[in-house]
Q: 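Mind looking over this structure? Questions follow.
As the structure is a computational prediction, the values presented were derived from the model and not from experiment. The figures here come from the full heavy-atom set of this structure, side chains too, leaving out hydrogens, waters and symmetry mates. Every chain is numbered from 1 and lettered A, B, ... according to where its sequence line falls, protein lines coming before strand lines.
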Number of protein chains: 2
Amino acid sequence: MNTTTEAGPGPDAALGTRERIVRAASRLMQRQGYEGTGIKQISREAGATLGSVYHFFPGGKQELAAEAIRHGDQEFTDILRAALDGTDDPAEAIAACAGTVAEALRASDWVDGCPVTATSIGTAERAPDIQRAAAEAFARWRGLVEEKLRAAGFGEESAYELAHTVISTLEGAELAAQLARDEAPLLIAGRHLARLIDSYR
Amino acid sequence: MNTTTEAGPGPDAALGTRERIVRAASRLMQRQGYEGTGIKQISREAGATLGSVYHFFPGGKQELAAEAIRHGDQEFTDILRAALDGTDDPAEAIAACAGTVAEALRASDWVDGCPVTATSIGTAERAPDIQRAAAEAFARWRGLVEEKLRAAGFGEESAYELAHTVISTLEGAELAAQLARDEAPLLIAGRHLARLIDSYR
DNA sequence: CACGCTCTAGAACGAACGCTCTATCCGATA
DNA sequence: TATCGGATAGAGCGTTCGTTCTAGAGCGTG
């Protein structure tokens, strides 16, 4: 049976076992990376057992990590979409998005960076599934920004290229902010991206 | 005795043992991350023994990783300085730097990303020494760009903020290029950074 | 020659790793 | 009630991890 309603005290206790495992994997790999996170640690944190993990993810750690990346992908997709939907002006929306990310990063005491990046880095040679899931996440985010820019009247090429740089810069600035334990890189990046976008009007 | 002249066939065979260990550690962690790289693998790759590794780095893996990051820091510092010294125009120099990074990334078949990022990510909670070394690398790079911008007549605040975004964007674009196995993100980022810099003249 | 010091060499330790395996539980169905 | 299959449970496998430890090699100095 699938214990969809769990009495335990965990944060995701009301979720199904599979979902709890994915969330724990995503959160842990976001902080410790793929190699730094053990399957047993994930199962412990999720309030599940090793048997359950391998029941839902017979492909083992790689399959679970790919699913965790898709979870992180969805999380940032929601944040990005919310920012883009918040205003008609793409420049303003991107700056707002940078602010949201900065806030979340600070709130986690500079520990929770980008889950997709943290999980996928260093796995290039050994786990192509993980790389593919991460590349798809980046592509989706870029597509969202590109669509917004085109809807705002930007030319096709400008929109495509700007969307690339928006995602690259946000990603890099989050990394820099995390390392420096300071939200300045993200806030500055947000302002600069807005300025860059405006220069194409 | 220190075998400063080694007869072995390795690439760094002519270097001292300590230097060979640092280079092997830097290269391996650049590709596999901190947790994904073992001390024994490093010693094997360096043509050294475990005893030598712990002789030169009594602080163990963490101390070695911090030194590897400083090595990677120096590598990119050289690349960046060469680009900045290549022309008086900071915008042009940054675009050229992006091109150099893209070329190197492609030449490694998209495996050799930023050694500092790859080594330091995911170590926030467990290895503060590594985080500090990485943060110092970012700060040094930013300082180089900032200095160049000020020398070119940019205002103090503009130079400081632009330097932040230049480093963030280069870092993020390298990540994106590596994931997509495509140098486009880096080349686009180079052009956009040049445009952004020019907009402050 | 003897001593000391730096460096090399690798066996061995306990712990943790990813994963396999069998056993059991329990609601749904017949 | 008897049966079945999804889900849970965790002991145990072989391997690798980071680290420690002792032994010895090769050189300069007294």
Q: With a cut-off of less than 4.0 Å, is there a side-chain N or O of A/Thr49 near OP1 or OP2 of D/dG10?
A: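 Checking D/dG10 against A/Thr49, no side-chain N or O comes under 4.0 Å of OP1 or OP2.
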
Q: In whole angstrom, what separates A/His55's NE2 from D/dA7's C1'?
A: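 Computing the A/His55:NE2 to D/dA7:C1' distance gives 5 Å.
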
Q: Over how many whole Å does the gap from A/Leu28 atom CG to C/dA16 atom C1' extend?
A: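 Nearest whole value for this atom pair: 16 Å.
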
Q: Less than 3.5 Å apart, any donor N or O on the side chain of B/Gln131 or B/Thr123 sitting next to an acceptor on the other?
A: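 A pair is found: one side chain offers a donor N or O, the other an acceptor, under 3.5 Å apart.
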
Q: Please check the phosphate of D/dA9 (OP1 and OP2 only) for any side-chain N or O of A/Ser52 closer than 4.0 Å.
A: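 No.
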
Q: Can you run down the side-chain hydrogen bond (donor to acceptor under 3.5 Å, both in side chains) pairs that involve residues 86-105 of chain B, sequence neighbours left out, and say none if there aren't any?
A: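 Residue pairs with at least one partner in residues 86-105 of chain B: B/Asp89-B/Arg201.
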
Q: Distance check needed: C/dC17 P versus A/Ile42 CD1, whole Å only.
A: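 Rounding to the nearest Å, CD1 of A/Ile42 and P of C/dC17 are 10 Å apart.
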
Q: With no hydrogens and no angle check, do the side chains of A/Arg140 and A/Thr77 hold a donor and an acceptor under 3.5 Å apart?
A: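 On atom types as modelled, these side chains do not qualify, holding no pair under 3.5 Å.
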
Q: Test B/Thr165 against every option in B/Ile197, B/Val145, B/Leu196 by the side chain to side chain contact (heavy atoms under 4.5 Å, CB included) rule and name the one that passes.
A: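 Among B/Ile197, B/Val145, B/Leu196, the one that satisfies the side chain to side chain contact (heavy atoms under 4.5 Å, CB included) with B/Thr165 is B/Leu196.
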
Q: So, are B/Glu136 and B/Arg132 salt-bridged, with charged N and O less than 4.0 Å apart?
A: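 No, B/Glu136 and B/Arg132 are not salt-bridged.
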
Q: Using atom CZ of A/Arg18 as one end and atom C1' of D/dG6 as the other, report the distance to the nearest whole Å.
A: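 These atoms are roughly 14 Å apart.
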
Q: Test of understanding: with salt bridge (Lys or Arg N to Asp or Glu O under 4.0 Å), list the residues that count as partners of A/Arg126, not counting sequence neighbours.
A: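 With sequence neighbours excluded, A/Arg126 shows a salt bridge (Lys or Arg N to Asp or Glu O under 4.0 Å) to A/Glu35, given in chain and number order.
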
Q: To the nearest Å, give me how far apart CD1 (A/Ile21) and C1' (D/dA9) are.
A: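 Distance, rounded to whole Å: 13 Å.
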
Q: Produce a footprint string for nucleotides 17-24 of chain D: one letter per nucleotide, 5' end first; B if the base is under 4.0 Å from any protein heavy atom, S if only the sugar-phosphate is, - if neither.
A: BBBB----

